[in-house]
Amino acid sequence: MKPRVRFAPSPTGFLHIGGARTALFNWLYARHTGGTFILRIEDTDAARNTQAAVEVILNGLRWLGLDWDEGPLTADATGPGKGERGPYFQSQRGENYKQRVEALLAHGLAYEHEGAVKFKMAREPVVIPDLVVGDVRRELTDREAADPDFVIVRSDGQPVFHLTNVVDDLEMGITHVIRGEDHLSNTAKHIALFRAFGVEPPRYAHIPLILNGDGTKMSKRDQGASLATYMDEGYAPEAVVNYLCLLGWSPKQNREKLPIGEVIERFDLPQILRHNARFDLEKLHWLNYEYLRELPDDRFHELCVHALARAGVDTNAYPVDYVKAALDTCKGKIKLFAELPDYAGFFFREEFTYDTGAAQRDFTAENQPRLLKLRDAFARLTAFDADTIGNTLKAVAQELGVKVGVLVHPTRLACCGTTAGPSLYHLIAVLGRERVLQRLDRALARMG
RNA sequence: GACCCUAUCGUCUAGCGGUUAGGACACUGCCCUUUCACGGCAGCGGCUCGGGUUCGAUUCCCGAUAGGGUCGCCA
């Protein structure tokens, strides 16, 4: 029988990076085994579950490239879905839960208590067979020893997570439950529920959690906990996926960056690590850069424009060809799109301040006549391409008897205001002679 | 408090009784160079602690410690 796995998030308006990895591991397992990846929305909490919140999940998974074989087609709970075991929204499956609870009641496996329904839990340890951790024998906690029974239907008639989760897994034919380790303790309840329904529980694989860089639990509020951050800031989804694969799983053979197809080939449940992993933003940045430099030009430009717009830099005021030429000088240079406004902002604004330390060092009275000579050489040029500009600068430096760096640094500062940026000769060519001369004049004025 | 999981450089990891404990990110230095970045070279840095088992433990067992998780009419 082909595996059937599911990702079953609750729409809270937020897709946690840990949730994204859980979805990824489920998807990888399905793709590796030729099984089925199901998306089920656990929207039993009507108060906070909105269509917009479902949208966040669907968009996140689509962005990551995790396509589902069964599940909703839209964020509308009453809308269409694909697959034979729907509906895939728990809010639409009330009748299923009701029937299951009645069956439990009829068999004396559950009972009413203060308007709620409680499940009669055995007062003995449960062994949880886990594909990642191994057999886990879970003893009762002191509170459970006092009263092991738990609520499956609230007094307001709403079914509780433990029940809906198990009923759906059962009715959707889930064979492997791959989820965060935070569910491991609860699994005893779930196994008991499956048995009460007269079926053997699915196979379990509890994957370790993702922690903050400092080892604390990564919660909603923590920096980088939301997948939306990476979507908004222009990370390459392939990089995020690749990085997530490396947390709690290893492709071995000293591999780090590898295409998703290869991950699918190599991925399997028993090889998942058992310990939690800390989220290392630096390493994600490195991987992101690795993918960024391979991005097709169109996609790179699109993400650049988006990043600049977010920083309040409007590229629409400039000709399309100019924008493209300007951005081309940044490709292979920036690690993150968030760096772009500082790195290339000078292309899109005429007023900017100079880096203070560099201005003190480079905008000297001594450099003034040198820069002036370069300015005049530029002014006489008939061609204004990168090669010509470079050769001109070198020639002027030679005439002056100074190293090229003596001219390069003040020129860069005059044109960009910064000490780091794209190739100087290329950036000058893109800016165009007129603006370069203006910028040199502006700098010269304060060097006297 | 009870119960459960975990433990290799700062971080992610390879290792599955005998290895100079390997790689990646980060960091440091050098080279390349029009800045930065890339690239190349070199360096720094690790088996949590005690007991066993064994000829021999990073590796197997037990304990401690530490970190994480769970004990809801949240999911």
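Here is the naming used below: chain letters follow the sequence lines, and residue numbers restart at 1 for every chain.
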Within less than 4.0 Å of OP1 or OP2 of B:rC38, is there a side-chain N or O belonging to A:Lys335?
-> yes

Under-4.0 Å side-chain N/O to phosphate OP1/OP2 contact, A:Arg154 with B:rC74 | yes

Does A:His190 have any ring-ring contact (aromatic ring centres under 6.0 Å, His included) partners at least two apart in sequence or in another chain, and if so, which?
-> A:Phe161, A:His162

Set out, line by line, the N/O atom pairs under 3.5 Å between protein and nucleotides 19-22 of chain B.
{"unit_1": "B:rG22", "atom_1": "N2", "unit_2": "A:Asn254", "atom_2": "OD1", "d": "3.3"}

note: A:Asp385, atom CG; B:rU34, atom P; distance rounded to Å ~ 17 Å

Who passes salt bridge (charged side-chain N to carboxylate O under 4.0 Å, His left out) against A:Arg299, sequence neighbours left out?
-> A:Glu302

Taking the six-membered ring for Trp, are A:Phe267 and A:Phe25 ring centroids under 6.0 Å apart?
-> yes

Please report, rounded to the nearest Å, how far the C1' atom of B:rG15 is from the CD atom of A:Gln253.
-> 14 Å

Answer with base, sugar-phosphate or nothing: what part of the nucleic acid does A:Ser155 contact at a heavy-atom distance below 4.0 Å?
-> base

Does the side chain of A:Thr44 get closer than 4.0 angstrom to OP1 or OP2 of B:rC74 through an N or O atom?
-> no

Separation of B:rA37 atom P from A:Glu339 atom CD, nearest Å, is 10 Å

B:rG67 phosphate, OP1 or OP2, under 4.0 Å from A:Lys217 side-chain N/O = no

B:rU70: pairing nucleotide in any strand, Watson-Crick or G-U under 3.5 angstrom | B:rA2

Contact state string [nucleotides 3-9 of chain B, B base, S sugar-phosphate only, - no protein heavy atom under 4.0 Å] = SSBSS--

Tell me which residues in residues 345-353 of chain A put a heavy atom below 4.0 Å from RNA chain B, sorted by number, or none.
-> none

Value in whole Å for how far the P atom of B:rU34 lies from NZ of A:Lys333 = 12 Å

Parallel, tilted or perpendicular: which describes the rings of A:Phe352 and A:Tyr354, with under 30° parallel and over 60° perpendicular?
-> perpendicular

Tell me whether the OP1 or OP2 atom of B:rA14 has a side-chain N or O from A:Arg255 closer than 4.0 Å.
-> no

In numerical order, the residues of residues 407-421 of chain A whose heavy atoms come under 4.0 Å of RNA chain B are A:Val408, A:His409, A:Arg412, A:Thr419, A:Ala420, A:Gly421

